[in-house]
Structure formats: structure tokens, C-alpha cells
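This is a predicted model, so every value here is computed, not measured.
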Amino acid sequence: MKNRRVRGAEAIADAAITAAQAQHTAVTGENTAAAVVNTPARAVLALNEEIAGIDAQIAARFREHRDAEVILSMPGMGPLLGAEFIACTGGDMGTFGSAGRLAGVAGLAPVPRDSGRVSGNMRRPHRYHRRLLRVCYLSAQIAVRFCPTSKTFSLRYWSWRNPDSGQLMGSQLNRDCHWLSWHNRPG
């Protein structure tokens, strides 16, 4: 209950334990029900331990990548999102050429819908890398929630106007990926 930030978690737990110890009534089938609940509960606990172990392996493998420090320095990126980002991009930022191209592949950059003399009509792209977009959205949400600089920027930006949220994440992605491509330049 502490992980869920329940107020008075210790008092609630103590009350539940006291009530359980004071119970002397036996219900028909109580032992069978306890056995039925016990087996899946142990399986869930074992799966949670296995997931934690796999997450640790992913984080350790991610830290071996040459760009791990740079990706972890981006607001909202942790070892698991960073590993997913590397998996989505193939691990080499040089293949995209620019941060704008990466934003286009992720679906964050609008694409033109021009016809004839009409120009400047932008729309959301239909073809984009959905997992990369998911990584960008999650990192932006985490950054806005926990990074003071991103939170200040977001509050200022949203108070100024109410744009498509992709523009905010696109500008952050452009800034971060520009730095990443500069960091990996030859020479």
C-alpha cells in the first residue's frame, strides 16, 4: 500500500491483520478456496520476479551501447525506454541524417497536403513508426511530469496556446536528436 501512496497504510494494514487474527469462523470450502487462490498468487509473484530480472538484463545491455549516456541524459528517458528507442532506430542515428527526419519517421512532424497552387496544408502522417512514436510520447510525458525544465517549458507553452501535443514533443525530439547526431559525428 505504501507503493500506491495510500494514506495511513500502516494503520490499515494493522487493522486488517487484527481483524484476520480475531476471526474464528470457518466457512465450508475455505481451505479449497485458499488453495485455489494461493497457486495463481505464487505464479504472479514468480512472474513479477522474472520480469524484474529481465528488466535488469535489458538495462545492463542498454548501458553497453555507445549512446547510452547521451540517451539517458535526455529528459524522460530511462534504461528501458532508451533500449526501446535504440531498438526502434536500429542503434545508429546517422541513418536518419537529421532530427527532422527522425521526427518524420516517428510521426511527430506534420506532412504537407498540398495540391496545385495551394501550399502550407499540413496533416498528421498516415505512415510512421508506431513504436518510436510511443517511445517519444512516453518520454515526453515522463519529462513533463518529473523534469523541472520540461515542466516549466510545457506550462509556458500550453498557457500561450493549445497546440497539437505532437509539436511540443517534436521540438524536444529535434533538440535532443540534433545533439545526438552532433555527438556522433566523425572526427
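- Shown here for Ala59 and Pro79, the closest heavy-atom pair between the two residues is CB-CB, 3.7 Å.
- Ile71 pairs in a side chain to side chain contact (heavy atoms under 4.5 Å, CB included) with only one of the listed residues (Ile86, Leu81, Thr89), which is Ile86.
- Shown here is Arg123, whose CZ atom has more than 12 heavy atoms of other residues, nucleotides or ligands within 6.0 Å.
- Linking Ile, Leu, Val, Met, Phe, Trp and Tyr residues whenever their side-chain heavy atoms come within less than 4.5 Å places Leu72 and Leu138 in a single cluster.
- Smallest separation of non-hydrogen atoms from Met122 and Pro112: SD-CA, 3.7 Å.
- Between Arg131 and Glu84, the closest heavy-atom pair is NH2-OE2, 3.0 Å.
- With a 4.5 Å cut-off between side-chain heavy atoms of Ile, Leu, Val, Met, Phe, Trp and Tyr, the cluster of Ile58 takes in Ile54, Leu80.
- When all heavy atoms are compared, the tightest approach of Phe62 to Gly82 is CE1-C, 3.4 Å.
- Between Leu132 and Leu102, some side-chain heavy-atom pair lies under the 4.5 Å cut-off.
- Judged by distance alone, with hydrogens and angles left aside, the side-chain atoms of Arg117 form no donor-acceptor pair with the main-chain N or O of Ser115 at under 3.5 Å.
- Side-chain atoms of Ser139 and Met74, non-hydrogen and from C-beta on, never get closer than 4.5 Å to each other.
- The two residues Pro75 and Ser150 have their closest heavy-atom pair at CB-OG, 3.8 Å.
- Note on Tyr137 and Tyr128: same hydrophobic cluster, where clusters join Ile, Leu, Val, Met, Phe, Trp and Tyr whose side-chain heavy atoms are under 4.5 Å apart, directly or indirectly.
- Between the side chain of Thr39 and the main chain of Val36, no donor-acceptor pair closer than 3.5 Å is present.
- In this structure a side-chain-to-backbone donor-acceptor pair under 3.5 Å is present from Thr95 to Asp92.
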